[in-house]
Every structure is written in C-alpha cells, then in structure tokens.
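See below for the structure under consideration.
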There are 2 protein chains.
Amino acid sequence: MSQTVDRALSILPLLAEGPADLGQVAERLDVHKSTALRLLRTLHEHGLVYRQSDQRYRLGARLIALAQEAMENLDIREIAHPHLVRLNEQCGHTVHLAVYEENEVLYIDKVESRYPVRMYSRIGKPVAITVAAVAKLLLADLPEGERRVLADKLEYPMYTARSTPNAPAFVRELEKVREQGWATDLGGHEESINCVAAPIRGADGRVVAAMSVSAPNVVVTADELLTLLPLVRRTADAISGEYSGRTPVTPTNDPA
Amino acid sequence: MSQTVDRALSILPLLAEGPADLGQVAERLDVHKSTALRLLRTLHEHGLVYRQSDQRYRLGARLIALAQEAMENLDIREIAHPHLVRLNEQCGHTVHLAVYEENEVLYIDKVESRYPVRMYSRIGKPVAITVAAVAKLLLADLPEGERRVLADKLEYPMYTARSTPNAPAFVRELEKVREQGWATDLGGHEESINCVAAPIRGADGRVVAAMSVSAPNVVVTADELLTLLPLVRRTADAISGEYSGRTPVTPTNDPA
DNA sequence: ATGAAGGTTGCAGAGATTGCAACAGTCCAG
DNA sequence: CTGGACTGTTGCAATCTCTGCAACCTTCAT
C-alpha cells in the first residue's frame, strides 16, 4: 500500500538471508543505489539493520529485542509456561507451544527434553505446517472454507515417507483431527520423532494455541507416547481454563 | 531520513508495549487516522504486525521469525554455543553470551543453570548496561572518546547499593576492566547475584562478544565464583581462537 | 431505531521521494 | 607513487507518492 515502506520492509527478509552491501540491496529491490541507501539509513536509525565493520548491512539487535517483547506480550505464553514445565517434569520429553498466524504456525515456547538432546532452540521458527501435530490442530479449527483454500495453497514436502502427501490427504487429516480433538505426528517430519498434541481453547471455544510432547522412538515407542495423551490433554485443558478466565490485557495490576 | 518509513517503523516499538487500535496508533504518531491505517496495512502485508480478533494491532509472527534468522546469522553465536554448554557442564551455573551494538548490549545466548532456577529466557533482552559484567567488557573496548561520550549519555539506575552510580565511576570501572581483561558484577544488578565475565576477541584483537557465568550467592559466594575466572577466561580464549581462524561468512562449504 | 465510535475509501493538493550526475574515499595494479 | 576502478555519498529538480480531509460504512450500545 505504501511504496516507500514496502521497499524498506522488503530489505529485512533480504538481509535475513545474510549480510549484503549497498549495491546488492539496490539491485534486489530494483531501485537506484541512492534510494537504497536512504532506506537503509532509516532502518539503521531504528536499529533494525546494523552496519558491520566491512560496511555490509545485516539485521540489527533492535529487531531481536522487539521480537522478544512481542513474544512476552503473548499472554497465552505466559500462562502456559508453568504448565509446560510441569508436564516436562512429569514425562521428561520436549514440550512445545505453538500458535497460528497468517498462514504460518510458529513455536512460541519450548521446554527441553531431560534426555540428552542437542536440538537447538527453534522458538520463533515456522513449523512444518503440513505434518506437525500442533499445526494440524491449529488449522483444523479454521472455518472449512479457509481450511480448504489454505490446504490448496500449501506445498507438501515429503520430509519422510509418512509426510502428508497432498492437499486432499491433508484436508482429510484435519477433518479427523477436528473430530477427535487431538493430533499426532508419527514420523512425518523426522523419521524417528513422534509427537502427541492437544489444543488450547479460548473462552469462545476457538483454538488459540496448541501444545505437544515430542520424543524420538529410541526413547519411547509411538504407542508408549500415546499413553501420555490423557496427560497432555489435561494440561492443555488446564491452560485453556486459566486463559479463558482471565482479562487478556492487564498483566498483574488490579486483581480486585 | 525517510519520513514515511520513519513513521512506519515507529509503530513497531509502540506496539511492542502492547496491542493498540488504529486511533491510538494515529495519535501516538501524530498523523491522521487514514495515514496510520495505510502504514499499518503495509506493515501487515509484510507480517510485521498482526490484527487480532478485537481489531487491535500487535507485533506479528514474521518479526519473531526474522529475529530468529538474525540470531542464527551471528556466527559468533554458533561457534560459541558448544563452548558455553561445556562450561555449564563444568561449573553448573548460568552462562551468558552478549554482544554490543549501537549503544546496547544484548544477550544472544544463554545456557541455564543446572540448579533449580526460574529465570525466564532473557535472550534478546537488552542488558543493564551500566552494571553487567559483560557490558563492561564490551564497552571497555571502545575507543576512549566514544567510551566517554557514551558514559555521559547513559542513565545510572541504582538497581542496588552496589550499582555503578554515575558516569565518572563507570569510566573508571571501564578503565580497570580494560586493563585487567576481565570483569565482574558483584550484586550490582540484583543484590544476590554475582557474575564473572571474560571477553571474546576477533583476529584483530577487538572484543566482539563477552561471556559470563552468573550465580546467586546462596549457591556460591563471590569469592568462590571468582575461582572460576581462569576457567571462564580459558573458555573465552578458546572461542576467540576458533572465531579468529575461520572465514566469517561460509558455514560449512569448502574446508579445503 | 438511533446515535456514537471506530474503521475505510476517493480525491486533490502538497510535499516527500526518487533517480541522476557529480563527488569523495578506498583499494589495487601498474 | 600514480592512475583507475569501485563503492558509497550528497545536491538538486521533477515527479510521483503520500497525506489529510470529508464522506461513507460497519458495529455496537442505548
């Protein structure tokens, strides 16, 4: 809608790929160097890009700080966190919390497995939307029309032989998930990893987030993991209850 | 430099404080509602802001994803991480990694204490620049002029009785840190927490990052913590060595 | 049903943004 | 040491974008 801002913002994902110099930015934006320079300067003033010693630009620290604040403002995260920790203490596996937003599903919290794991913190990373158990739950709650349209738009990468292969299969899977009220991912993303997930609902019953427990099948078989389902669902329900009963904005001001 | 972009970007920190509706944004920006609307729309198209169900705007998921990529592009982080983990295994305390950028010091990695701790992940949060041990190291490496100017510009909040009280004291402290090559924070930020920190240097000898070990004095006294200093310094030096000897851009392409 | 409040759109004027061209600084080769 | 190529930077005039206005629409509460 606003050309100038549009161009400026296009620089960010570009720099996310890696540092770039003025010429490269100008070329990718298809604008004159001087234009690119002025846009970069404005971004720089706001701390969103940083000019490293070799004069190339990369994303700046303020961006990271902003994102941090953005996450802390998600009250679902704050409410859910202690529950996730408790669940992790009970079962020992990795616990994830995810939300859906604009065609993306994003992990917004994670408690690491207590087994030796090297999985890097993927908080903030978009998840594999066609296979992840949490993604299925979040998408299954969309209105049918939207669900169908979205399913058609998606790519269906075959991470493994058990990945959701195409749109019709995905629509069917979502239908099933919607009815049963929980979801799994049995080796659909990484061959040896299984997940069980349950939805977290707001006061109006709509799914606002989803949580999952993941474990490699060298630790527990898929069947064993499924025995945790009641526990996962109870946890999710507890979070739902707490989330529904609260004012969404005020943090800890007026309890009266 | 660019008015439109400037205004648009000003919306981001504003929304970081919490969700706001169109009117509030327009007022804070001091522009007409329609102008604010169009800016927000552009931000929305890029996924940087999200319109929640009550029509208010908040920061969007793409911002979080971008920040995530930004952090993963910091190669110092990638190199340092395994060292931080190892240090944590050896001493059991919380380990931080921080960088300086444009008048801010930012934690970019953290390994949690193995003692029961509830400190929330502060990665991405700007640190208390006048007291944190890592901040002292990073600022101490600036050219003297810059150091002085910066010290004058800073605020000196008295988090505790031991916080750095004012600019002259800070300049003196930086001088000391610069000479000795390491830094501490003994209850300057939180009464009961002590830190020891060491610098990580690039090939040219300049400080590119700093790392610290923190522990509450209910677990170890400040003196005991100081006995870890050689270990911390060795770790920092190991990271420095690895960082200096590597091509800064290429991840794992041509080892030949 | 009626009014108020907040959000949205078309339009014309105003002013910011753009690309150009000339300039400055840096690095390398001869 | 000198010349040239390259990248980044600035002043300027034309233009095109953005702005604010006013009218319109939608939603909610009275």
Side-chain angles (χ1 to χ4, degrees), chain A residues 1-12 14-15 17-60 101-102 143 145-146 202-204 206 247-249, chain B residues 1-12 14-15 17-60 101-102 143 145-146 202-204 206 247-249:
Chain A
M1 279 263 112
S2 167
Q3 189 188 70
T4 315
V5 178
D6 186 48
R7 284 173 172 171
L9 297 182
S10 302
I11 294 176
L12 298 178
L14 192 159
L15 291 185
E17 297 169 17
D21 65 26
L22 179 60
Q24 295 169 323
V25 172
E27 193 181 3
R28 296 267 312 251
L29 284 189
D30 201 31
V31 296
H32 196 270
K33 277 187 308 180
S34 56
T35 304
L37 176 69
R38 287 181 277 240
L39 295 176
L40 281 165
R41 272 224 263 259
T42 310
L43 289 168
H44 180 103
E45 274 175 24
H46 286 258
L48 298 184
V49 310
Y50 177 69
R51 194 144 198 205
Q52 42 189 32
S53 43
D54 61 354
Q55 291 225 113
R56 291 188 308 166
Y57 295 90
R58 63 167 171 73
L59 295 179
E101 189 177 310
E102 314 264 349
E146 221 173 302
D204 55 0
R206 298 223 34 192
T247 49
V249 192
Chain B
M1 281 263 112
S2 166
Q3 189 188 69
T4 316
V5 178
D6 187 47
R7 285 173 171 172
L9 297 183
S10 302
I11 293 176
L12 298 178
L14 191 159
L15 291 184
E17 297 169 17
D21 64 27
L22 180 61
Q24 294 170 323
V25 172
E27 193 181 4
R28 295 270 309 254
L29 283 189
D30 201 32
V31 297
H32 196 271
K33 277 188 306 181
S34 56
T35 304
L37 176 70
R38 287 180 277 238
L39 295 176
L40 281 165
R41 271 224 262 261
T42 310
L43 289 168
H44 180 102
E45 274 175 25
H46 286 258
L48 297 184
V49 310
Y50 176 71
R51 193 143 199 207
Q52 39 188 35
S53 43
D54 61 356
Q55 292 224 117
R56 291 189 308 167
Y57 295 89
R58 63 168 171 72
L59 295 179
E101 190 176 310
E102 313 266 347
E146 222 173 303
D204 54 1
R206 299 225 33 193
T247 48
V249 193

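Residue numbers begin at 1 in each chain, while the letters A, B, ... track the order of the sequences.
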### Query
Applying the side chain to side chain contact (heavy atoms under 4.5 Å, CB included) test to B:I11, which of B:L48, B:L43, B:T42 qualifies?
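Looking at B:L48, B:L43, B:T42, the match for B:I11 under the side chain to side chain contact (heavy atoms under 4.5 Å, CB included) is B:L43.
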With respect to the side chain of [X], which nucleotide from [options] is positioned closest?
X     : options                : result
B:V31 : D:dT19, D:dG20, D:dT10 : D:dG20
B:L22 : C:dG7, D:dT17, D:dT19  : C:dG7
A:R41 : C:dT18, C:dA16, D:dT10 : D:dT10
A:R38 : C:dT8, D:dT19, D:dG11  : D:dG11

Once you round to the nearest 0.5 Å, how far does [atom1] of [X] lie from [atom2] of [Y]?
X     : Y     : atom1 : atom2 : result
B:S2  : B:L9  : OG    : CG    : 8.5 Å
B:Y57 : B:L39 : OH    : CG    : 10.5 Å
A:Q24 : A:R56 : CD    : CZ    : 7.0 Å
A:D6  : B:T4  : CG    : OG1   : 12.0 Å

### Query
OP1 or OP2 of D:dG20 sitting under 4.0 Å from any side-chain N/O of B:T35?
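Answer yes for this pair, as a side-chain N or O of B:T35 is under 4.0 Å from OP1 or OP2.
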Between [atom2] of [N] and [atom1] of [X], the distance in whole Å:
X     : N      : atom1 : atom2 : answer
A:D54 : D:dG8  : CG    : P     : 10 Å
B:L37 : C:dG10 : CG    : P     : 12 Å
A:Q3  : C:dG15 : CD    : P     : 20 Å
B:L40 : C:dT8  : CG    : C1'   : 13 Å
A:M1  : D:dT19 : CE    : P     : 13 Å
B:Q55 : C:dA5  : CD    : P     : 17 Å
A:R7  : D:dC16 : CZ    : P     : 12 Å
B:H32 : C:dG6  : NE2   : C1'   : 12 Å

#### Entry: 5' precedence on DNA chain D between A:Q24 and B:D30 (nearest-nucleotide basis)
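Mapping each residue to its closest nucleotide by heavy atoms, the 5'-most match is A:Q24.
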#### Entry: First of A:K33 and A:T4 reached from the 5' end of DNA chain C, by closest nucleotide
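Of the two residues, A:T4 wins.
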